Amino acid sequence: MLSDNVKKGLQQAPHRSLFNALGFTKEEMDRPLVGIVSSYSEIVPGHMNLDKIVEAVKLGVAEAGGMPVVVPAIAVCDGIAMGHTGMKYSLVTRDLIADSTECLAKAHQFDAMVCVPNCDKNVPGLLMAAARVNIPTVFVSGGPMLAGHVKGQKRSLSSMFEAVGSYNAGKISAEELTEFENKVCPTCGSCSGMYTANSLNCLTEVIGMGLRGNGTIPAVYSERIRLAKHAGNQVMELLRRNIRPRDIMTREAFLNALTMDMALGCSTNTMLHLPAIAHEAGIEINVDIANEISDRTPNLCHLAPAGYTYMEDLNEAGGIYAVMKELTKKNLLNLDCMTVTGKTVGENIADAVNLNPEVIRPIDNPYSATGGIAVLRGNIAPDSCVVKRSAVAPEMLKHSGPARVFDCEEDAIAAIMGGKIHPGDVVVIRYEGPKGGPGMREMLNPTSAIIGMGLGSSVALITDGRFSGASRGASIGHVAPEAAAGGPIGLLREGDMIDIDINANTINARVSEEEFAERRKTWKPRINKVDGYLARYRELVTGAPQGAVLSAAGLRKD
């Protein structure tokens with residue numbers, strides 16, 4: 001066992017004295033050391049229940065003969081960080097989480113880990129760490145929030161952001177806005193639509209790193225406590241059989257995840273996180289493969305914000321395994337991949353049943369014949385950009401309009417709220433990319449304002465930043481190269497005509513190469529002044545198509 005390096009032998013007597021200080025008994029020191037990586041905090045609604053999940057995991061590990069030790073992982077609540085400088089600190093935490101978990105696991109020689117995340121960046125951050133550390137690991141999340149209810153309809157956080165836009169447009173009263181505020185987020189858990197956190201937790205099941213129900217069992221159900229105990233049991237079985245993350249997180253497993261991404265209509269942020277996780281497992285994924293997979297994968301689910309069903313509905317309909325079972329009817333998944341159950345994907349989903357064809361469309365009656373995410377290219381985004389096609393109004397799948405150009409999110413919001421954006425416009429928000437922000441802020445505030453003000457079927461938004469999974473509409477993000485790196489989005493001018501054809505996977509400005517070259521002669525990038533971690537991050541981060549991972553190649557040589 002790895003932990004023998006800190007527990008066995010004469011030279012380890014000082015180490016054992018420190019375990020004694022922790023209250024370990026000799027019998028406990030003889031057991032495998034299992035790190036329980038807990039993202040519990042009192043500032044993230046998705047994490048306020050993780051103390052209970054962690055206690056259940058500890059019981060499961062101890063029952064199966066391991067010695068559980070709890071260590072921390074940080075997390076940012078994207079909803080609370082939204083719309084101000086705090087959002088610069090969201091994506092950047094993913095890599096901090098991966099780095100710090102690697103440090104804790106290797107410094108203390110853990111034999112195995114159970115990771116207990118829930119929200120947007122700590123799920124992929126811990127998956128990155130698991131691939132990097134490569135000791136037997138199981139994931140169990142805190143679970144999704146139940147949907148709220150306003151005027152008899154299920155609602156979620158995206159409804160709240162859109163309600164602000166509706167209020168500013170005079171469509172609802174202050175009293176109605178307050179009702180949304182008090183009712184849309186009724187319980188703890190990750191926000192209840194197919195947003196980034198739930199997307200990643202669901203895909204953790206698909207990749208094979210989480211047990212059945214990890215992505216869909218609501219946070220407040222006691223079933224999730226039972227799941228946590230089983231996760232603690234199962235990590236000891238993986239340790240006994242020496243099944244490690246890189247045995248599970250294979251190229252085929254990531255292709256399964258991308259396929260399910262299309263079927264579920266997941267957040268566009270998966271196009272950042274899946275390549276980053278794969279990179280840590282030694283696998284390179286080009287985002288262009290998404291279109292190839294989308295072309296053959298039907299979209300089977302329209303959870304909020306794309307539709308009016310929620311995570312609890314998906315859970316009751318049979319969960320992720322039921323969606324996977326539908327995809328097997330067209331041989332769209334590799335069934336031989338190993339998982340943390342100790343069984344293959346095919347064995348796991350053999351008894352899965354679709355219990356509600358309105359929530360999970362049968363494969364012969366999909367919402368669309370192609371998947372929920374599309375990667376676009378053109379003279380605005382020669383290296384790619386991404387859109388959640390399943391959440392775009394049909395009339396906006398092809399759109400042309402004048403560019404309304406803003407060099408930061410705040411200026412765009414002021415224009416939208418001030419009634420300066422009109423039907424047909426294409427809002428351009430730049431200098432918000434991985435380096436330009438830095439930190440690649442989410443644009444939920446401007447997209448929600450556009451929807452709330454009734455412009456969702458007539459206004460598009462493109463950015464080198466990214467979007468919350470709660471965004472809907474013709475919201476096109478991850479434009480690369482970003483403006484700060486000299487990308488053509490930085491050369492756009494007010495009034496340039498922009499042509500978007502999502503089904504054709506194209507996005508272009510009616511600007512010639514010669515005109516772009518002429519503009520570049522006088523172009524000067526906007527440089528957002530930052531210090532501390534953000535300054536270091538800007539020097540190391542790669543582009544969106546590479547998953548915005550950190551690279552030593554990003555360091556200055558001067």
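Every heavy atom of this structure was used, including side-chain atoms; hydrogens, water molecules and symmetry mates were not. Remember, predicted model here, so these are calculated numbers, not experimental data.
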Check this for me: Met48, atom CE, are more than 12 non-hydrogen atoms of other residues, nucleotides or ligands nearer than 6.0 Å? no
For Ile527, does the CD1 atom have more than 12 heavy-atom neighbours from other residues, nucleotides or ligands under 6.0 Å away? no
Gap separating the OG atom of Ser475 from the CE atom of Met396, nearest 0.5 angstrom: 9.0 Å
Rounded to the nearest 0.5 Å, how far does NZ of Lys420 lie from NE2 of His422? 9.5 Å
Answer with yes or no whether the side chains of Arg94 and His273 bring together a donor and an acceptor at under 3.5 Å. yes
Side chains of Arg510 and Asn508: donor-acceptor distance under 3.5 Å anywhere? no
Using side-chain contact (heavy atoms from CB on, under 4.5 Å) as the criterion, list what pairs up with Ala403, not counting sequence neighbours. Val405, Val428, Asp496, Ile498
Are side-chain N/O atoms of Tyr195 and Ser471 paired as donor and acceptor at under 3.5 Å? no
Under 3.5 Å, is there a donor on one side chain and an acceptor on the other for Thr204 and Asn214? no
Hey, what do you get for CG (Asp499) to NZ (Lys398), rounding to the nearest 0.5 Å? 8.5 Å
Restricting to salt bridge (Lys or Arg N to Asp or Glu O under 4.0 Å), what partner residues turn up for Asp425, sequence neighbours left out? Arg404
Measure from the side-chain N and O atoms of Arg519 to the backbone N and O of Leu491, and report whether any donor-acceptor pair falls under 3.5 Å. yes
Could you tell me which residues satisfy ring pair (Phe, Tyr, Trp, His ring centres under 6.0 Å) with His399, sequence neighbours excluded, listed by chain and number? none
Donor-acceptor contact present, side-chain Asp464 to main-chain Tyr431, <3.5 Å: yes
Does a donor on one side chain and an acceptor on the other come within less than 3.5 Å for Asp501 and Thr506? no
For Thr93 and Lys121, does a side-chain donor sit closer than 3.5 Å to a side-chain acceptor? no
Rounded to the nearest 0.5 Å, what separates atom CG in Leu461 from atom CG in Leu455? 11.5 Å
If you take all heavy atoms of Ser384 and Val375, which pair is closest and at what distance? CB-CG1, 3.7 Å
Tell me the closest heavy-atom pair linking Asn118 and Gly189, and the distance in Å. ND2-C, 4.0 Å
Can you find a side-chain donor-acceptor pair between Thr370 and Asp295 that sits under 3.5 Å? no
Assess the side chains of Ser294 and Arg389: does a donor N or O sit below 3.5 Å from an acceptor N or O? yes
Taking atom CD as the centre, does Glu494 end up with more than 12 heavy-atom neighbours from other residues, nucleotides or ligands that are less than 6.0 angstrom away? yes
Rounded at 0.5 Å granularity, tell me how far CG in Leu300 sits from CE in Met324. 12.5 Å
Could you walk me through whether Glu409 and Arg430 satisfy the salt bridge (charged side-chain N to carboxylate O under 4.0 Å, His left out) test, starting with their C-alpha distance in whole Å, then the side-chain angles of each, then the deciding distance to 0.1 Å, before giving a yes or no? CA-CA 8 Å; Glu409 178 189 8; Arg430 59 195 184 188; over 6 Å; no
Verify whether one side chain among Arg466 and Asn269 offers a donor that lies under 3.5 Å from an acceptor in the other. yes
Given the ring of Tyr367, does Arg361 sit roughly above its face, with NZ or CZ under 6.0 Å from the centre of the six-membered ring and within 45° of the axis? yes
